[in-house]
There are 2 protein chains.
Amino acid sequence: MDEDNDINPENYANFFALYNLCKHIEPKQVINISSVEFGKVLKTSQQTASRRINDLEKLGWIKRKLEGKAQKIVVTKLGADIMLRMYQNLKEILDDIVIIGYVQSGIGEGGYYVSIKGYYDQFQNKLGYNPYKGTLNLKLNDANNALLNEKLKNNKPITIEGFEDQQRQYGPVDCYECLIYRPDKMDSKQKAAILKIERTHHKGNIIEILAEDYLRDLLHLVDDDKIVIEIIKN
Amino acid sequence: MDEDNDINPENYANFFALYNLCKHIEPKQVINISSVEFGKVLKTSQQTASRRINDLEKLGWIKRKLEGKAQKIVVTKLGADIMLRMYQNLKEILDDIVIIGYVQSGIGEGGYYVSIKGYYDQFQNKLGYNPYKGTLNLKLNDANNALLNEKLKNNKPITIEGFEDQQRQYGPVDCYECLIYRPDKMDSKQKAAILKIERTHHKGNIIEILAEDYLRDLLHLVDDDKIVIEIIKN
DNA sequence: ATTACTAATATCCGAGTAG
DNA sequence: TCTACTCGGATATTAGTAA
């Protein structure tokens, strides 16, 4: 990230011009847009939009053909690379931003499921410890929840297989390893796992945390305490 | 993507200011940077850097404490959300940019491995067809290769398990489903799979493609022909 | 319709400097 | 040292047009 592969101030507008152009890439990799339309997209005048397209061409970020009156634009590999690098840098940035959750009293459902033998044995084997037979429920706000889901997409879950007994079926559970700690106590990070249960899409952005110890005691937690969740990359 | 969650021209510089600030987030989520240093990062004067930080605070993208002379900055959830949304939009954009490869004569190694029973039976079962007993080798340039690898990170592979016989061990293979076609023949897309073989990191950005048919015949390919590779999202 | 030039105007930047 | 003000000069934008 520290290599100088970044956008300079004189290209801020050009970056956003390319970015907005890229949103209009058609299946054949061509962009059909007039300078008037593009001006509306960029929220600038037609003249500025036209100048932007000229500048992008000079930079080698796009190529274009002026066919009669209309123009056909294609993004060059250099242009695609500009987008890719910003994407990669943002990914790194998001890695460094932690998730905040607030302790909630759960209805105890998580604890019940964890302790079922069909699940518990797998937790032991695949997580490498004997988890406490209950989960810590954390409430996230929308921004934190969106960020968490995006982070989880970049990680491979430890999958606990579903099974069935005489009564019913039990669905698979995806576990994502993480570290849990109080914001003021960074030296007491606890290894834990976020459980993504197939069916029970918790309403209200609540996630369930599994750990070896009883986290409420270990971290002296009461409801509404603020907790930091750090995803462990794999 | 069409919701208006995007950056307006008057905030181009502010976006990049936030972006560059975020690169300096420390483990405790705090940013320690003076306006002189930040000016160097942004390649502007100290005065402009200072104004940027003020503007970011007014926008609610950061909070700060002026402790004596030094400032401590934290990115707000709104600020983190700006970064997240740009990340997500770039991800969508990259989805729409296809990979270009050029047909290469392989050394035939791929074909040998595919036809080994321990692999072939799994290909049949997991891909759902009887693949041609050979692979199409495609050469990518660096930009295409970087983009391909990033796209593959966002997909779950179909994993062909490794095995061993009397002679030796055979490593696992990750398959990523894709569509292959000639740039001028978009209506003749062929379902195929990119093979990521554990050990043999192909030198020179060469990837191996597996498909049901013999693609060289079906698509009338000769060496150096241009081929489009479209990753199928899962 | 287009794209894009020129000239007028609006905006932004940084030197000087204060607190 | 810090942050951040004012203000003149630099830069960017757009209205009016041409092609």
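Throughout, protein chains are lettered first and strands after them, A, B, ... in sequence-line order, and every chain is numbered starting at 1.
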Rounded to whole Å, the NZ-C1' distance (B/Lys72 to D/dC2) equals 15 Å
inquiry  = Does this structure show an ion pair linking B/Arg216 with B/Asp223, if we count only N-O contacts that are shorter than 4.0 Å?
reply    = yes
Between CD1 of B/Ile33 and P of D/dC2 the distance, given in whole Å, is 12 Å
B/Leu42 CG to C/dC12 P, in whole Å, measures 16 Å
B/Lys65 atom NZ is separated from D/dT3 atom C1', nearest whole Å, by 18 Å
**Study point:** Ion pair B/Lys191/B/Glu212, N-O distance below 4.0 Å
**Key:** no
Practice task
Using a strict cut-off of less than 4.0 Å between a Lys/Arg side-chain nitrogen and an Asp/Glu carboxylate oxygen, indicate whether A/Lys40 and A/Glu37 qualify as a salt bridge.
Solution key: no
Can a side-chain donor-acceptor contact be found between B/Lys196 and B/Asn149 if the only test is distance below 3.5 angstrom?
yes
Taken to the nearest whole Å, CD/A/Glu10 to P/C/dG14 is 11 Å
Next item on the list: Using a cut-off of strictly less than 4.0 Å, decide whether A/Thr48 has a side-chain nitrogen or oxygen near OP1 or OP2 of D/dT14.
Entry: yes
To the nearest angstrom, the CD1-P distance between A/Ile73 and C/dT2 comes to 13 Å
Rounded to whole Å, CZ of A/Phe38 lies from P of D/dT14 at a distance of 13 Å
The Watson-Crick or G-U wobble partner of C/dA1, with both key distances under 3.5 Å, is none
CD of B/Glu67 to NZ of B/Lys65, rounded to nearest 0.5 Å, is 6.5 Å
Near-ring test B/Phe16/A/Phe15, centroid separation under 6.0 angstrom | yes
Here the distance between atom P of D/dT13 and atom OH of B/Tyr12, to the nearest Å, is 9 Å
Collect all protein-nucleotide pairs involving nucleotides 4-8 of chain D in which both atoms are nitrogen or oxygen and the distance is under 3.5 Å.
{"residue": "D/dA4", "atom": "OP1", "partner": "B/Arg64", "partner atom": "NH1", "Å": "3.4"}
{"residue": "D/dA4", "atom": "OP2", "partner": "B/Ser50", "partner atom": "OG", "Å": "3.4"}
{"residue": "D/dA4", "atom": "OP2", "partner": "B/Asn54", "partner atom": "ND2", "Å": "3.4"}
{"residue": "D/dA4", "atom": "OP2", "partner": "B/Arg64", "partner atom": "NH2", "Å": "2.9"}
{"residue": "D/dA4", "atom": "N7", "partner": "B/Gln46", "partner atom": "NE2", "Å": "2.7"}
{"residue": "D/dA4", "atom": "N6", "partner": "B/Gln46", "partner atom": "OE1", "Å": "2.8"}

